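Below are the structure tokens for one structure; questions will follow.
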Amino acid sequence: MQFQLDNPLDGLHALPHDIWDAHIHIWDIAAFSEFEKWAEIYGVQKYTGIATPDVKRTLEQRDKADKFLFAYYLPIDAFARHDTQKLLTAVKEAKEYNYAMVKMWFGPRFLDFSNANKPFAISHPDFDPVYSFIEDNGLPIDIHVADPDIWYTQKYLDVKRYRTKRKAIDEFCTVLEHHPRLKVISVHFGSLPEPENIPLLSSLLDNYSNMYIDTASTKWIVRELGRNTHEARNFIIKYQKRILFASDIDLGWGNKTEDYYATRYWAQRLFWETDVTNVALPFTDEDNDKGSTKINGLHLPTSVLKNLYWRNALHFFSN
Ligand SMILES: [Zn+2]
């Protein structure tokens, strides 16, 4: 089997429930109709979209309000420069514009994008008033804590600047300890989808009852969870109420191929719903040091899929 754009549902059976994609980025509204067409083919009917107030307003004016909740991207340069005031202003704006959550992105390379001149930690005391303000306003957080393990052996060799992955995870835990009412989605399976990290991820979910995880991004998740499907399947069944389906699809960023949207949704659905083995991931995975990534399906029970695809997002965002 291989992905074909003219047979986009190949290998998939009936969808057990509509899908809520809890993590997409909308950089440019022009890309929305093409995206929506493909999303609907795969049964994706609702989105949590990370978008500016302008983009949010435009979509709402186009009668898309009922399809969306929005996340406000807190400025990464303000974290890099420890600009507490700018961050507080941003959270205020998120509240004012009726955002459903705030997004924080701490992939270590953000320090380079924003010319950081101070040592960074997710739990740095300079950010404490920001977390408190978010907590007091009852805004959930979408947080990118760390990057794939492999990046720490290749890109982030300057440990003093970038920190180790374990240090980033520990900083995140410190924030959760200090702010027990914060509700968080730690994206990319808590940044810990690698089989070696699953015991740590379990202990975090056991310790922090307000912590959830999502299934973005497709290649990282399919590659790593697919290395031990038995363990991954058991983990997901055990934590089935704490995991939200998400793609991390970017609308209007970079030159994407025509099949970008379809291949992400096809690959994830095939992975969660079926028991296929060794199906080629239909796009390049430059992070796979063993060559190309294959899809080895988890064949999750229907009741679990319903939680991942819809109910967990509904529950997370309704209280
Ligand atoms: Zn993202």
Side-chain angles (χ1 to χ4, degrees), residues 19-29 31-32 35-36 38-39 44 46-53 55-56 59 68-80 90 94 99-114 122 134 139-151 155-156 165 168-169 172 183-194 201 211-225 243-256 260-261 263-265 267-268 271 283 285-287 308 312-313 316-317:
I19 296 177
W20 182 327
D21 187 338
H23 176 175
I24 65 169
H25 293 263
I26 312 155
W27 305 101
D28 182 353
I29 199 88
F32 184 73
F35 162 75
E36 190 182 34
W38 286 107
V44 184
K46 188 145 183 166
Y47 322 95
T48 305
I50 302 158
T52 62
V55 167
K56 176 176 184 287
L59 282 164
F68 272 99
L69 289 180
F70 290 96
Y72 184 109
Y73 212 137
L74 296 183
I76 60 170
D77 63 313
F79 282 107
Y99 276 83
M101 71 188 322
V102 290
K103 163 85 182 196
M104 297 179 184
W105 192 79
F106 299 129
R109 62 215 143 105
F110 96 92
L111 298 166
D112 302 328
F113 299 161
S114 24
I122 296 170
I134 293 169
L139 274 172
I141 296 180
D142 211 31
I143 184 167
H144 177 127
V145 174
D147 279 340
D149 280 10
I150 191 170
W151 293 19
K155 301 186 192 191
Y156 298 138
K165 181 161 173 175
I169 301 288
F172 170 57
K183 222 167 120 183
V184 299
I185 299 173
S186 184
V187 301
H188 310 309
F189 236 67
S191 305
L192 297 166
E194 293 85 2
L201 181 59
M211 176 187 161
Y212 294 73
I213 58 178
D214 80 15
T215 70
S217 69
T218 305
K219 66 183 168 193
W220 187 6
I221 295 299
V222 167
R223 178 183 71 240
E224 296 301 335
L225 292 183
I243 308 168
L244 285 71
F245 176 93
S247 68
D248 204 10
I249 280 174
D250 279 312
L251 277 68
W253 180 284
N255 287 326
K256 296 290 177 12
Y260 170 63
Y261 307 124
T263 51
R264 269 58 182 183
Y265 285 135
Q268 279 217 36
F271 183 61
F283 46 93
D285 179 2
E286 59 286 345
D287 294 325
L308 259 64
N312 294 343
F316 183 89
F317 290 109

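Computed from a predicted model, the values in this text were never measured in an experiment. In each ligand, atom 1 is the first atom listed, and ligand 1 is the first ligand listed. Throughout, residue positions are numbered sequentially from 1 according to the sequence presented. Below, each value reflects all heavy atoms present in this structure, side chains not excepted, and no hydrogens, waters or symmetry copies.
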Is a donor from one side chain sitting under 3.5 angstrom from an acceptor on the other, for Y156 and D147?
yes

Taking the six-membered ring of F283 as reference, does the cationic atom of K219 (NZ for Lys, CZ for Arg) lie under 6.0 Å from its centre and within 45° of its axis?
no

Could you tell me whether a side-chain N or O of D214 sits under 3.5 Å from a main-chain N or O of H188, the two making a donor and an acceptor?
yes

For F172, check ring-ring contact (aromatic ring centres under 6.0 Å, His included) against everything at least two apart and list the hits.
none

What protein N/O/S atoms sit under 2.8 Å from the Zn ion (ligand 1), by chain and number?
H23 NE2, H25 NE2, D248 OD1

Cation-pi, F316 ring and K183 (6.0 angstrom, 45 degrees)
yes

Would you say the side-chain atoms of W27 and D250 include a donor-acceptor pair closer than 3.5 Å?
yes

